[in-house]
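To keep things clear, I will list the structure first and then write my remarks on it.
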Amino acid sequence: MRSDEIKKGPFRAWHRSLLKAAGYSDEDLARPIIGIANSQNEIVPGHTNLDSITEAVKAGIWAAGGMPVEFPTIGVCDGIAMGHAGMRYPLASREHIADSVEIMTEAHRFDGLVLVPNCDKIVPGMLMAAVRMNIPAIVVSGGPMLAGRYKGKDIDVSYVGECQGSYAAGKMGLEELSKIEDSGCPTCGSCSGMFTANTMNCLTEAMGMALPGNGTIPAVYAARIRLAKQTGRQIVQLVEQNIRPLDIITMESLRNAIVVDVALGGSTNTVLHLPAIAYEAGMEIDLEIFNEISDKTPHLCNMSPAGPHHLQDLYEAGGVSAVMKELARKKLINTGVMTVGLKTVGQVIENACIERDDVIRTVDNPWHSTGGIAILAGNLAPEGAAVKRTAVAPEMWKHVGPARVFDLEEDAQKAIYSGAIKEGDVVVIRYEGPKGGPGMREMLIATSALVGMGLDKNVAIITDGRFSGATRGPAIGHISPEAAEGGPIALLQDGDIIEIDINAKKLEVHLSQEELEQRKLNWCPPKPKVEKGYLYHYSKLASSASKGAVFKK
């Protein structure tokens with residue numbers, strides 16, 4: 001065992017003495033040492049329950065013959081960071097989380113890892129560390145929040161954001177907005193729609209790195225605690241059999257994850273995170289894979305923000321296993337790949353079934369014949385851009401309109417709330433990419449405001465930043481190359497005509513190549529927004545969004 005390096009033999013008396021000072025006995029040290037990366041904190045609603053999850057994991061590890069050792073990682077709430085300078089940090093935190101898990105694990109020679117994340121960047125950050133180190137590892141998240149209720153309707157945090165837009169447009173009073181605010185997030189857990197956190201937690205199941213139920217069992221259900229105990233027992237088996245992440249995460253399992261992603265109508269942020277995980281595993285996911293898979297994968301679940309259902313509904317309907325079994329009917333799932341449960345995908349989903357066909361549709365009767373994500377390209381996005389097409393009204397799948405250009409998200413927000421954006425406009429928010437932001441901010445406040453003001457069916461937003469999984473409407477992000485690197489989005493001017501064609505997967509500006517080249521000659525990169533601290537270092541190391549915004553080697 002790796003941990004023998006800190007506990008075995010007469011010349012490790014020094015190490016054992018220190019371990020005993022932490023309360024561990026000789027009997028404890030005879031067991032495999034299992035690190036538990038716990039991202040619990042008291043500000044992120046998805047993380048406030050992680051101590052109870054971790055205690056259950058520990059119970060499972062002790063019962064199975066292991067020695068659990070808990071250590072912390074950071075975790076940022078994208079929702080609380082949204083709409084201000086703090087939003088520069090969540091994506092950047094992903095690399096920090098991966099590094100911190102690696103540091104603790106390698107320094108202390110853990111034999112295995114249980115990863116206890118919940119929200120957006122923590123899940124991929126921990127998975128990146130797991131494949132980088134390639135020691136036995138398994139994920140168990142804190143689970144999704146229950147949907148809120150207001151006047152007999154299920155609501156969530158994205159609805160609260162849309163109501164801010166309704167208030168700004170004079171369609172709603174402050175008293176009603178306050179009641180909705182109090183109702184939108186009723187429990188702990190990751191926000192209840194198919195936003196980034198829940199998408200990534202569902203994909204841990206799809207790629208085989210978590211036990212069934214990890215993505216959908218609500219945070220407040222006892223079944224979540226039982227799953228955590230089972231996860232603790234399972235990691236000891238993985239260590240005993242030396243089953244490692246790179247035995248699980250292969251190109252075939254990553255393709256399974258993309259298939260499930262687009263069938264669920266998941267967040268476009270997976271277009272950043274799955275390539276980043278693949279990168280750490282020594283593989284490459286070209287963005288065109290998302291189009292290839294999405295074009296032949298039916299959209300089976302109409303989850304919030306695009307539709308009426310939430311994660312508790314998906315859990316009742318049979319969860320990720322039921323979705324995968326239905327997709328396997330169309331031979332879209334590779335059922336032979338291994339999972340951390342030491343079963344193949346085929347064995348995991350064998351007894352799954354759809355319990356609510358209003359939530360999980362069949363492949364013969366999908367919500368849409370194609371999947372939820374599309375990668376657009378053209379002279380405005382030579383390296384690609386991403387859109388959650390199933391969250392876009394059909395009338396906006398093709399749109400031509402004049403650019404309204406903003407170099408800062410806050411300026412665009414002010415213009416939207418003040419009524420300065422008119423029907424037909426294409427709002428351009430640039431210098432918000434990985435380098436230019438820095439940190440590639442999400443634009444949920446802006447998109448929610450447009451929805452609440454009733455403009456989501458006639459105004460589009462495009463950006464080199466990104467959008468929350470809670471976004472709906474014609475919101476196109478990840479435009480690459482980004483403005484800070486001199487990409488075409490940096491050359492746009494107010495009034496330039498932008499053409500969006502989601503069916504044709506095209507994003508163009510109606511300018512000649514000669515005009516773009518002339519503008520490029522006159523372009524100068526702006527002064528960096530941040531010149532010190534972690535974000536400064538991040539801006540120097542981060543790659544393009546088209547490459548997953550990973551640190552360059």
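Keep in mind that the numbers below use all heavy atoms, side chains included, and drop hydrogens, waters and symmetry copies.
Atoms NE2 and OG, on H309 and S192 in that order, are 13.0 Å from each other to the nearest 0.5 Å. Separation of atoms CG (L314) and OG (S304) is listed at 12.5 Å; rounding is to 0.5 Å. To the nearest 0.5 Å, the span separating CG on L203 from CG on D261 amounts to 5.0 Å. Taking CG of L146 as the reference point, atom OH of Y315 lies at 11.5 Å (rounded to 0.5 Å).
Ion pairing between D411 and R430 fails under the 4.0 Å rule for side-chain N and carboxylate O. Salt bridge absent: K179 and E176 never bring a charged side-chain N and a carboxylate O closer than 4.0 Å. Between E162 and K171 no salt bridge is recorded (no basic side-chain N to carboxylate O distance below 4.0 Å).
Counting heavy atoms from C-beta on, the side chains of T73 and P117 never come closer than 4.5 Å. Looking at heavy atoms from C-beta onward, K121 lies out of side-chain contact with V76 at the 4.5 angstrom threshold. Residues I53 and Q40 fail the side-chain proximity criterion, which asks for heavy atoms closer than 4.5 Å. A heavy-atom distance below 4.5 Å is found between the side chains of I74 and S93. Side-chain contact between R255 and I293 is present, with at least one heavy-atom pair separated by less than 4.5 Å. Contact of the S141 side chain with the T204 side chain is not registered, since no non-hydrogen atoms from C-beta on lie closer than 4.5 Å. The side-chain heavy atoms of M209 and I249, taken from C-beta on, include a pair separated by under 4.5 Å. Considering only heavy atoms from C-beta on, V426 comes within 4.5 Å of H399 through its side chain.
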Under the salt bridge (Lys or Arg N to Asp or Glu O under 4.0 Å) criterion, do E410 and K414 qualify, and how do the steps go? CA-CA 6 Å; E410 287 85 348; K414 290 174 185 175; over 6 Å; no
Evaluation steps, side-chain contact (heavy atoms from CB on, under 4.5 Å), between R472 and T447: CA-CA 7 Å; R472 65 186 174 106; T447 56; over 6 Å; no
When you look at E442 and N269, which way does the side-chain contact (heavy atoms from CB on, under 4.5 Å) test go after all the steps? CA-CA 10 Å; E442 289 182 342; N269 281 317; 3.0 Å; yes
Between Y538 and R88, is the side-chain contact (heavy atoms from CB on, under 4.5 Å) condition met? List the steps. CA-CA 10 Å; Y538 178 86; R88 294 186 176 120; over 6 Å; no
Could you go step by step and tell me if K296 and L332 meet the side-chain contact (heavy atoms from CB on, under 4.5 Å) rule? CA-CA 8 Å; K296 62 185 181 184; L332 293 168; 4.2 Å; yes
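The number of heavy-atom neighbours closer than 6.0 Å to NZ of K229, taken from other residues, nucleotides and ligands shown, is 12 or below. Annotation: K457, atom NZ; neighbour count of heavy atoms from other residues, nucleotides and ligands within 6.0 Å does not exceed 12. Enclosure of atom CD in E395 by more than 12 non-hydrogen atoms of other residues, nucleotides or ligands within 6.0 angstrom is indicated. A 6.0 Å sphere centred on NZ of K58 holds more than 12 heavy atoms belonging to other residues, nucleotides or ligands. Other residues, nucleotides and ligands place no more than 12 heavy atoms under 6.0 Å from the OH atom of Y167.
Residues E409 and Q413 have side chains that bring a donor and an acceptor to within less than 3.5 angstrom of each other. Using modelled atom types, one finds no donor on one side chain facing an acceptor on the other under 3.5 Å when comparing T362 with D364. In summary, the side chains of D154 and Q312 do not present any donor paired with an acceptor at a separation below 3.5 Å, with no hydrogens or angles considered.
Of the possible donor and acceptor atoms, none in the side chain of E326 sits under 3.5 Å from a partner among the backbone N and O of R361. Using a distance-only test at 3.5 Å, with no hydrogens or angles considered, a donor-acceptor pair links the side chain of D464 to the main chain of E432. The main-chain N or O of V320 is never found under 3.5 Å from a side-chain atom of E205 such that the two would form a donor-acceptor pair. A donor-acceptor pair is defined here as one N or O able to donate and one able to accept, closer than 3.5 Å; no such pair exists between the side chain of N38 and the backbone of E70. A donor-acceptor pair is defined here as one N or O able to donate and one able to accept, closer than 3.5 Å; no such pair exists between the side chain of K388 and the backbone of A306. Under the 3.5 Å distance criterion, the side-chain polar atoms of R224 are left unmatched by any main-chain donor or acceptor of A219. Of the possible polar contacts, none joining the N49 side chain to the G189 backbone as a donor-acceptor pair under 3.5 Å is found. Side-chain atoms of S294 come within 3.5 Å of backbone N or O of G371 as a donor-acceptor pair. Using modelled atom types, one side-chain atom of T463 and one backbone atom of I429 make a donor-acceptor pair closer than 3.5 Å. In this structure a side-chain-to-backbone donor-acceptor pair under 3.5 Å is present from N201 to A197.
Ring geometry for H368 versus H299: interplanar angle under 30°, hence parallel rather than tilted (30 to 60°).
Annotation for P212 and V348: closest pair CG-CG1, 3.6 Å, computed over non-hydrogen atoms.
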